[in-house]
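Only one structure is covered here, and it is reproduced in the block below.
We use all heavy atoms of the structure for the numbers below, so side chains are in, but hydrogens, waters and symmetry mates are not. Below, chain A is the first sequence line, B the second, and so on; all start at residue 1. Please read these numbers as outputs of a predicted model, since none were measured by experiment.
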Protein chains: 2
Amino acid sequence: MASIKDVAQRAGVSTTTVSRVLSTPEAVRAPLREQVERAIAELAYRPNLAARRLRQRRASLVGLIVSDIRSAFFTDVGRAVEDVAYRHGLRLILCNSDEDPAKEQSYLELMADEQASGVILSPTMAGLKQLRPQAWPFPLVLVDRAMDTTRADRVVLDNQAAARRATEHLLDNGYRRIALLAGTHSTTGQQRHAGYAEALAACGLAPQPLWMDPTREAGERATAALLAGTDRPDALLATNGLLLLGALQAVQAAGLHPPRDIGIAGFDNNDWTSLPALDVTTIAQPTYDIGRTAAELLLQRMQEPERPARQVVLEGALVVRGSSAGPGRR
Amino acid sequence: MASIKDVAQRAGVSTTTVSRVLSTPEAVRAPLREQVERAIAELAYRPNLAARRLRQRRASLVGLIVSDIRSAFFTDVGRAVEDVAYRHGLRLILCNSDEDPAKEQSYLELMADEQASGVILSPTMAGLKQLRPQAWPFPLVLVDRAMDTTRADRVVLDNQAAARRATEHLLDNGYRRIALLAGTHSTTGQQRHAGYAEALAACGLAPQPLWMDPTREAGERATAALLAGTDRPDALLATNGLLLLGALQAVQAAGLHPPRDIGIAGFDNNDWTSLPALDVTTIAQPTYDIGRTAAELLLQRMQEPERPARQVVLEGALVVRGSSAGPGRR
DNA sequence: TTGAAAGCGTTACCAA
DNA sequence: TTGGTAACGCTTTCAA
């Protein structure tokens, strides 16, 4: 591997000059610069990142730690972050905490060890509770999940409003006994519950929330139990895509047909929800905007570490499809 | 940040000894070692990875470059790779090439710049064609996609056999005019086509392959055109999950009901395929095994760089569901 | 505008 | 078994 020394030798200049051509080319006179650039090309020189980091005590690298890499939500967010980061000469490292606080912690430590310039994090519930953003040697931006008390920049959906709108939509279409499948382990589940409860309260109706692990299996079990019970709901709202999938599974297994037998709506506009045979009403999140905003907040904080923390709230879009068209409708 | 010097000073030993405690503790006598360990704990010392890399000229880091991070296939593979890597003290960096050869190339360069110990790659078609595994400064293991001529370790599905089995299953259930939705841009599509053609040839039937971008939209368009045409097939086989989704979209939009009006089967046992309202026959890939095997091949090659390249072929499982039960069946 | 030299934190070599 | 010292490749003073 050619080093900066080899380049300097070949170009007949000092290593300082080569370094300058790499970082601030305009500070080197044209003829010399071209000489150096030629040597770089001829030797196929690539700077050693480890050496650069050691010297600069900072890596041109941002981390994105997500709780579930499988969800379309986070991959879209990741794409947006990468786009912004790349334009600013920053590399992105993607980490999947898999909803495991220990893994999350371990990745944060990895980022510290790697001297990352910044980290964007969608924390687990446990991780969020004990999170001390100031304790990390890099700026931290939270996405998707955050508490009002957290002193860090954050980008979140207006979960409460989105859930309220979805619930109102079900109410408008004639459903009255609306059950909520809500995920524990996340602030989003709680906020979505709040919006749901709010909409029902405005109509003087009783909420029927069910709390569970945010998995397909839990959603299926809870829904099956609900449908087998005496006080059967006439509509279901699921607070994320996996719970929605589980709910559909149970509804279909019970031989029920939305929207007639039961209304269905849920968060996350996953690709399969638009299949005509399912045609599920969903809340679509502005995933790309969320990621882009998070990356921009991070870059700003990197430049201005002392500015006060900001929260950006984005809106979800209700995608109305057939599954919530109203009881008795085909 | 405390450095190894601070630890040495506090423990009253040389930096060499501290370094040894970190890498080969058994080479340091117990009392001294404990002294050092105490100092490390008290100072909350963390080794500087950049310095370590600069010195060792190797990062304890493996890269996984996938063509589509969204697919369950690659996230499962990633989890398996991470498990194995973690057990061997290696960090995993996940990169998404998004089927873009330029991005793939750029990530390979990133891995070289980072002095990665090894890389696992699912190459794009263009990337595979011009891939020179020996040209990279790290061992390379291919997953999912590879050519027989590629001189690198590789782990692949027996795509041809899997496609043959799926086709035979459709034939066994009475379908005769079976169309194939195959993705260009990948060797898997071609191999799956071969198995499909083989099964049809054995029955003296004509293949009806359609080549397209491996996207939902392309699958939908192609299927819609197929269904609107004169020589309408009585079954469809899709070579990946997105094409399957697109095919279902078009079939349902046309008001057709599998398995009666048309048989459906496809690769990738995605979570939504088991919904009762869809109940799609699929080929499930042993994703975790694929990832684990790839990681193991990589570790072996890191230890023994000169061993000849090996190919590991794993089998897919046909998951029979209702969508292929036979024409005229409900 | 250019160059010399120091130093980032670690490990590897050699000597004790 | 332990320690001194050089070196990894780069950037950043500082001086010319």
- Item | Glu109(B) bridged to Arg46(A) by N-O distance under 4.0 Å | yes
- Query: If you check the Gln56(B) side chain, which of dT2(D), dG3(C), dT11(C) turns out closest?
  - Reply: dT11(C)
- Task: Measure from the side-chain heavy atoms of Arg57(B) and tell me the nearest of dG9(D), dG9(C), dG3(C).
- Result: dG9(D)
- Rounded to the Å, how far apart are Met1(B) CE and dT10(C) P? 10 Å
- With heavy atoms under 4.0 Å as the rule, sort Ser3(A) into base, sugar-phosphate or nothing. sugar-phosphate
- Note on the structure: Taken to the nearest whole Å, CG/Leu49(B) to P/dC8(C) is 18 Å
- Backbone N/O of Tyr288(A) and side chain of Asp76(A): donor-acceptor pair under 3.5 Å: no
- Query: Between Asn48(B) (CG) and dC8(C) (P), how many Å, whole number?
  - Reply: 12 Å
- Message: As an exercise, state the distance from CG of Leu92(A) to CD1 of Ile93(B), rounded to the nearest 0.5 Å.
- Response: 9.5 Å
- Charged N-O contact under 4.0 Å between Asp289(B) and Arg292(B): yes
- Query: Should Glu114(A) and Arg91(B) count as an ion pair when the cut-off is N to O under 4.0 Å?
  - Reply: no
- Message: Rounding to an integer number of Å, can you tell me how far Leu54(A) CG sits from dA7(D) P?
- Response: 17 Å
- Query: Under 4.0 Å between a side-chain N/O of Thr16(A) and OP1 or OP2 of dG3(C), yes or no?
  - Reply: no
- Among the nucleotides dT10(C), dT12(D), dG3(D), whichever has the atom closest to the side chain of Ile4(B) is dT10(C)
- Task: Starting from P on dC10(D), measure out to CD1 on Ile40(A) and report it in whole angstrom.
- Result: 10 Å
- Item | Of the listed nucleotides dG7(C), dA5(C), dT10(C), the one nearest the side chain of Arg55(A) | dG7(C)
- Between P of dA12(C) and CZ of Arg20(B), the distance in whole Å: 11 Å
- Task: Check the distance between dC8(C)'s P and Arg52(A)'s CZ and give it to me in whole angstrom.
- Result: 19 Å
- Query: Are any of Ser19(B)'s side-chain N or O atoms less than 4.0 Å away from OP1 or OP2 of dT11(C)?
  - Reply: yes
- Query: Does any N or O donor sit under 3.5 Å from an N or O acceptor when you compare the side chain of Thr15(B) with the base of dG3(D)?
  - Reply: no
- Query: Looking at dG7(C), dT2(C), dG3(D), which one has an atom nearest to any side-chain atom of Thr17(A)?
  - Reply: dT2(C)
- Among dG9(C), dT11(C), dG9(D), the one nearest any side-chain atom of Ala51(B) is dG9(C)
- How long is the line joining CD of Gln35(B) and P of dT1(D), in whole Å? 17 Å
